[in-house]
Chemist: 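Shown below is the structure under consideration.
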Amino acid sequence: TAVSGMVRTEGARLYLSEDIRFGVPFETLSEALFEGVDGEDYELGLTSCDEPFDHGDADPLAARLIEAFARVTGKEDATPYRSGGGTYARCLPRAYSCGLLYREAGVPAPLALPAGHGGPHMPDEYVFGEELVRGTRILTEYLLTAAEYLKNE
(Lines give C-alpha, C1' and ligand atoms only; values in the text may rest on other atoms or scores of the structure.)
Protein backbone atom coordinates (compact mmCIF):
# COMPACT_ATOMS: atom_id res chain seq x y z
CA THR A 1 0.00 0.00 0.00
CA ALA A 2 1.12 3.56 -0.53
CA VAL A 3 -0.16 6.91 0.62
CA SER A 4 1.03 10.42 -0.12
CA GLY A 5 1.09 11.71 3.41
CA MET A 6 2.58 15.20 3.28
CA VAL A 7 3.49 17.78 0.73
CA ARG A 8 5.54 20.94 1.21
CA THR A 9 7.41 23.49 -0.81
CA GLU A 10 10.85 24.94 -0.34
CA GLY A 11 11.55 27.75 -2.75
CA ALA A 12 10.71 26.46 -6.20
CA ARG A 13 10.86 22.79 -5.10
CA LEU A 14 7.90 20.61 -4.23
CA TYR A 15 8.39 17.73 -1.78
CA LEU A 16 5.93 14.87 -1.51
CA SER A 17 6.26 12.12 1.07
CA GLU A 18 5.13 8.59 0.35
CA ASP A 19 4.51 6.05 3.08
CA ILE A 20 4.73 2.65 1.41
CA ARG A 21 4.17 -0.68 3.13
CA PHE A 22 5.68 -3.45 1.08
CA GLY A 23 6.26 -7.17 1.42
CA VAL A 24 9.21 -7.61 -0.94
CA PRO A 25 12.89 -6.70 -0.54
CA PHE A 26 13.40 -2.96 -1.06
CA GLU A 27 15.71 -3.57 -4.02
CA THR A 28 12.77 -5.14 -5.87
CA LEU A 29 10.48 -2.23 -5.06
CA SER A 30 13.10 0.43 -5.77
CA GLU A 31 13.64 -0.86 -9.30
CA ALA A 32 9.99 -0.12 -10.05
CA LEU A 33 9.97 3.20 -8.17
CA PHE A 34 13.13 4.64 -9.68
CA GLU A 35 12.65 3.27 -13.21
CA GLY A 36 12.51 6.05 -15.77
CA VAL A 37 13.45 8.88 -13.42
CA ASP A 38 16.82 9.68 -15.01
CA GLY A 39 16.72 12.83 -17.10
CA GLU A 40 13.35 13.95 -15.78
CA ASP A 41 12.65 17.15 -13.93
CA TYR A 42 12.32 15.41 -10.59
CA GLU A 43 14.24 13.08 -8.33
CA LEU A 44 13.31 10.42 -5.82
CA GLY A 45 15.08 9.95 -2.52
CA LEU A 46 14.83 7.53 0.36
CA THR A 47 14.76 8.94 3.89
CA SER A 48 14.06 5.74 5.84
CA CYS A 49 13.28 2.11 5.18
CA ASP A 50 12.20 -0.78 7.39
CA GLU A 51 12.60 -4.01 5.48
CA PRO A 52 9.62 -6.38 5.47
CA PHE A 53 9.85 -9.72 7.15
CA ASP A 54 8.84 -13.21 6.24
CA HIS A 55 9.81 -15.99 8.61
CA GLY A 56 8.75 -18.46 5.93
CA ASP A 57 7.03 -21.80 6.13
CA ALA A 58 10.20 -23.42 7.47
CA ASP A 59 9.76 -21.70 10.85
CA PRO A 60 8.26 -24.29 13.24
CA LEU A 61 5.99 -21.62 14.73
CA ALA A 62 4.40 -21.02 11.32
CA ALA A 63 3.44 -24.70 11.11
CA ARG A 64 1.92 -24.57 14.59
CA LEU A 65 -0.11 -21.49 13.71
CA ILE A 66 -1.45 -23.22 10.60
CA GLU A 67 -2.38 -26.20 12.79
CA ALA A 68 -4.16 -23.80 15.18
CA PHE A 69 -6.13 -22.38 12.24
CA ALA A 70 -7.15 -25.92 11.21
CA ARG A 71 -8.23 -26.80 14.79
CA VAL A 72 -10.66 -23.89 14.91
CA THR A 73 -11.94 -24.05 11.35
CA GLY A 74 -11.92 -27.81 10.86
CA LYS A 75 -10.18 -27.15 7.52
CA GLU A 76 -7.15 -29.42 7.57
CA ASP A 77 -6.10 -28.36 4.06
CA ALA A 78 -6.87 -24.67 4.49
CA THR A 79 -4.09 -22.14 4.55
CA PRO A 80 -4.79 -18.86 6.33
CA TYR A 81 -3.91 -15.61 4.60
CA ARG A 82 -0.38 -14.54 5.47
CA SER A 83 1.03 -11.19 4.54
CA GLY A 84 4.58 -10.91 3.30
CA GLY A 85 5.45 -8.64 6.17
CA GLY A 86 4.63 -5.24 4.76
CA THR A 87 2.86 -4.27 7.96
CA TYR A 88 3.74 -2.43 11.12
CA ALA A 89 4.01 -5.86 12.77
CA ARG A 90 7.53 -6.08 11.36
CA CYS A 91 8.63 -4.05 14.38
CA LEU A 92 8.12 -7.17 16.53
CA PRO A 93 10.83 -9.83 16.29
CA ARG A 94 8.56 -12.92 15.95
CA ALA A 95 5.45 -11.35 14.46
CA TYR A 96 3.25 -13.05 11.91
CA SER A 97 0.66 -11.08 10.01
CA CYS A 98 -2.04 -13.51 9.04
CA GLY A 99 -5.75 -13.56 8.51
CA LEU A 100 -8.54 -14.36 10.91
CA LEU A 101 -11.41 -14.50 8.47
CA TYR A 102 -12.00 -16.77 5.53
CA ARG A 103 -14.79 -17.80 3.23
CA GLU A 104 -15.44 -21.19 1.75
CA ALA A 105 -14.22 -21.44 -1.84
CA GLY A 106 -17.12 -21.15 -4.26
CA VAL A 107 -19.57 -19.96 -1.60
CA PRO A 108 -20.73 -16.41 -2.30
CA ALA A 109 -20.58 -13.81 0.42
CA PRO A 110 -23.91 -13.61 2.25
CA LEU A 111 -24.19 -9.90 1.43
CA ALA A 112 -23.27 -8.70 -2.02
CA LEU A 113 -22.34 -5.03 -2.06
CA PRO A 114 -21.57 -3.03 -5.20
CA ALA A 115 -17.99 -3.09 -6.43
CA GLY A 116 -15.71 -0.89 -4.34
CA HIS A 117 -17.78 -1.28 -1.17
CA GLY A 118 -17.41 -3.40 1.89
CA GLY A 119 -13.79 -4.46 1.43
CA PRO A 120 -10.98 -3.79 3.89
CA HIS A 121 -10.56 -0.10 4.70
CA MET A 122 -13.59 0.92 2.64
CA PRO A 123 -16.11 3.41 4.06
CA ASP A 124 -18.66 0.66 4.64
CA GLU A 125 -16.34 -2.18 5.60
CA TYR A 126 -18.28 -4.95 7.29
CA VAL A 127 -17.97 -8.39 8.82
CA PHE A 128 -20.77 -10.77 9.72
CA GLY A 129 -21.25 -11.72 13.35
CA GLU A 130 -20.44 -15.39 12.85
CA GLU A 131 -17.23 -14.44 10.99
CA LEU A 132 -16.25 -12.10 13.81
CA VAL A 133 -16.81 -14.82 16.42
CA ARG A 134 -14.87 -17.38 14.37
CA GLY A 135 -12.08 -14.84 13.79
CA THR A 136 -11.88 -14.17 17.53
CA ARG A 137 -11.61 -17.92 18.17
CA ILE A 138 -8.84 -18.20 15.56
CA LEU A 139 -6.92 -15.27 17.10
CA THR A 140 -7.28 -16.75 20.58
CA GLU A 141 -5.97 -20.10 19.36
CA TYR A 142 -3.05 -18.32 17.61
CA LEU A 143 -2.12 -16.50 20.81
CA LEU A 144 -2.34 -19.61 23.02
CA THR A 145 -0.36 -21.67 20.50
CA ALA A 146 2.35 -19.01 20.10
CA ALA A 147 2.61 -18.46 23.87
CA GLU A 148 3.06 -22.17 24.50
CA TYR A 149 5.62 -22.53 21.70
CA LEU A 150 7.65 -19.46 22.65
CA LYS A 151 7.61 -20.42 26.34
CA ASN A 152 9.49 -23.59 25.43
CA GLU A 153 11.77 -22.04 22.81
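All residue numbers refer to positions in the sequence shown, counting from 1. No hydrogens, no waters, no symmetry mates; every other heavy atom, side chains included, goes into these values.
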Chemist: As an exercise, state the distance from OH of Tyr142 to CD1 of Ile66, rounded to the nearest 0.5 Å.
Modeler: 8.0 Å
Chemist: Do Arg137 and Thr73 pair up side chain to side chain, a donor and an acceptor below 3.5 Å, judged on atom types alone?
Modeler: no
Chemist: Can you get from Leu61 to Leu139 by hopping between Ile, Leu, Val, Met, Phe, Trp and Tyr side chains that sit under 4.5 Å apart?
Modeler: yes
Chemist: Restricting to side chain to side chain donor-acceptor pair (under 3.5 Å), what partner residues turn up for Arg64, sequence neighbours left out?
Modeler: none
Chemist: Quick one: pull up CD in Glu131 and OG1 in Thr136 and give me the separation to the nearest 0.5 Å.
Modeler: 11.5 Å
Chemist: What's the separation between atom CG in Leu143 and atom CG in Leu65, rounded to the nearest 0.5 Å?
Modeler: 9.5 Å
Chemist: What's the verdict on side chain to side chain contact (heavy atoms under 4.5 Å, CB included) for Glu141 and Phe69, showing C-alpha distance, side-chain angles and the deciding distance?
Modeler: CA-CA 7 Å; Glu141 192 68 21; Phe69 181 86; over 6 Å; no
Chemist: Please write out which residues are connected to Leu14 in a hydrophobic cluster, directly or through intermediates, given that two of Ile, Leu, Val, Met, Phe, Trp, Tyr count as joined at side-chain heavy-atom separations below 4.5 angstrom.
Modeler: Val7, Leu16
